[in-house]
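What follows is a short report on a single structure.
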Amino acid sequence: MNTTSNKKFLNTMRRSLKSIIALIAGIAFIFSASLTFAQQDKSKRPSPPAKATQKVGNVTITIDYSQPSVKGRTIGKDVEPMPGKVWRAGANEPTVFQVDQDVKVEGKDLPKGKYGLYALMGEKDWTVIFSKKSEGWGTQYSEAEDFLRITVPDEKPAAFSEKLTYAIDAKGKVSLMWGDKQFSFSVK
């Protein structure tokens, strides 16, 4: 081969190599974008998102949470909540309790806003915690961020609830039901 043929061959190889690199980069971009989208589709999680909303007088109460299932496990032994340990009152991100007006929760003032909702299971009662921090990952709890704590009695649910469920009635009774666990508090 002469020098001109070598140069043409090398130029052709360079263009081919650049095309292959561009193709690989494009495939990698598409793959990473699809992974990012799949991770953002929260409905595909084992504990999918759920929401409870109720208008109580002039106040709208909203609870955004992720809904774990019991799946044959024992609450307090195999799965949270564990006795004496603060729990995010749901799964994944913090459970978010939101009111659009100032309210009283079990007679205590709670200004309008968003709060992380946590719970502490005792032997005969629950401590419900409204945290100033409502974003992040649900296990990132700090007592220094507490805005309000209330204590409510442990209740027996009318029926076993496979999926964690929040209910809010028109009178402002908020209930968490999961498995054989239940607690309620009033919002006025």
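It should be emphasised that the depicted structure is a prediction, and the values quoted were computed from it without experimental measurement. Residue numbers run from 1 in the order of the sequence given.
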Inspect the contact between Asp64 and Lys51 and indicate whether a charged nitrogen and a carboxylate oxygen are less than 4.0 angstrom apart.
yes
If you take all heavy atoms of Thr165 and Lys163, which pair is closest and at what distance?
OG1-O, 3.0 Å
Is Ile150 linked to Val103 within one hydrophobic cluster, defined over Ile, Leu, Val, Met, Phe, Trp and Tyr using a side-chain heavy-atom separation of less than 4.5 Å?
yes
Rounded distance (nearest 0.5 Å) linking atom CD of Gln140 with atom CZ of Arg88:
10.0 Å
Is Val187 reachable from Leu148 through a run of hydrophobic residues whose side-chain heavy atoms are each under 4.5 Å from the next?
yes
Gap separating the OG1 atom of Thr62 from the CD1 atom of Ile168, nearest 0.5 angstrom
6.5 Å
Carboxylate-amine/guanidinium contact Asp109 Lys104, below 4.0 Å:
yes
Do Val70 and Tyr166 land in one hydrophobic cluster if side-chain heavy atoms of ILVMFWY residues count as linked below 4.5 Å?
yes
Test ring pair (Phe, Tyr, Trp, His ring centres under 6.0 Å) applied to Phe183 - qualifying residues, sequence neighbours left out:
Trp126
Pairwise distance CG(Leu164) to CD(Glu162) - rounded to 0.5 angstrom:
11.0 Å
Within-4.5 Å side-chain heavy-atom neighbours: Val79 and Thr74:
no
Decide yes or no on side-chain contact (heavy atoms from CB on, under 4.5 Å) for Lys132 and Asp146, but give the supporting numbers first.
CA-CA 6 Å; Lys132 292 178 255 181; Asp146 287 3; over 6 Å; no
Closer than 3.5 angstrom, by distance alone: can the side chain of Thr95 be matched with the main-chain N or O of Ala89 as a donor-acceptor pair?
yes
One should read off an interatomic distance between Lys188 NZ and Glu106 CD, to the nearest 0.5 angstrom, of 9.0 Å
When you look at Arg45 and Glu93, which way does the salt bridge (charged side-chain N to carboxylate O under 4.0 Å, His left out) test go after all the steps?
CA-CA 12 Å; Arg45 291 177 170 177; Glu93 295 83 6; 2.9 Å; yes
Atom CD of Gln98 and atom CD1 of Ile61: how far apart are they, to the nearest 0.5 Å?
11.0 Å
Short question: side chain of Asp100, backbone of Thr60 - any donor-acceptor pair under 3.5 Å?
yes
Treating Ile, Leu, Val, Met, Phe, Trp and Tyr as nodes and any side-chain heavy-atom pair under 4.5 angstrom as an edge, say whether Ile63 and Met177 lie in one connected cluster.
no
Residue pair Pro94 / Gly136: nearest heavy atoms and the distance that separates them
CD-O, 3.3 Å
By side chain to side chain contact (heavy atoms under 4.5 Å, CB included) - contacts of Ala50 (at least two apart):
Tyr65, Gln67
Identify the two heavy atoms, one from Ser47 and one from Ser66, that lie closest to each other, and give their separation to 0.1 Å.
O-CB, 3.5 Å
How far apart are the closest heavy atoms of Asp102 and Lys112, and which atoms are they?
OD1-N, 2.9 Å
Share the residues that join Leu120 in a hydrophobic cluster, the rule being Ile, Leu, Val, Met, Phe, Trp or Tyr side chains under 4.5 Å apart at the heavy-atom level.
Val86, Tyr118, Ile129, Tyr141
Closest contact, heavy atoms only, Ile75 versus Pro81:
CG2-CD, 3.4 Å
Can you give me the closest heavy-atom contact between Met121 and Lys181, atom names plus distance?
SD-CE, 3.9 Å
If Ile, Leu, Val, Met, Phe, Trp and Tyr residues are connected whenever their side-chain heavy atoms lie under 4.5 Å apart, and connections chain through other members, are Val96 and Val128 in the same group?
no
Let's go through Ser184 and Glu155 carefully: what are the C-alpha distance in whole Å and the side-chain angles of both, what is the deciding distance for side chain to side chain donor-acceptor pair (under 3.5 Å) to 0.1 Å, and is it a yes or a no?
CA-CA 8 Å; Ser184 301; Glu155 302 173 1; 3.0 Å; yes
Pair Ser131-Glu145, side-chain donor/acceptor within less than 3.5 Å:
no
Hey, what do you get for NZ (Lys85) to CD (Glu80), rounding to the nearest 0.5 Å?
5.0 Å
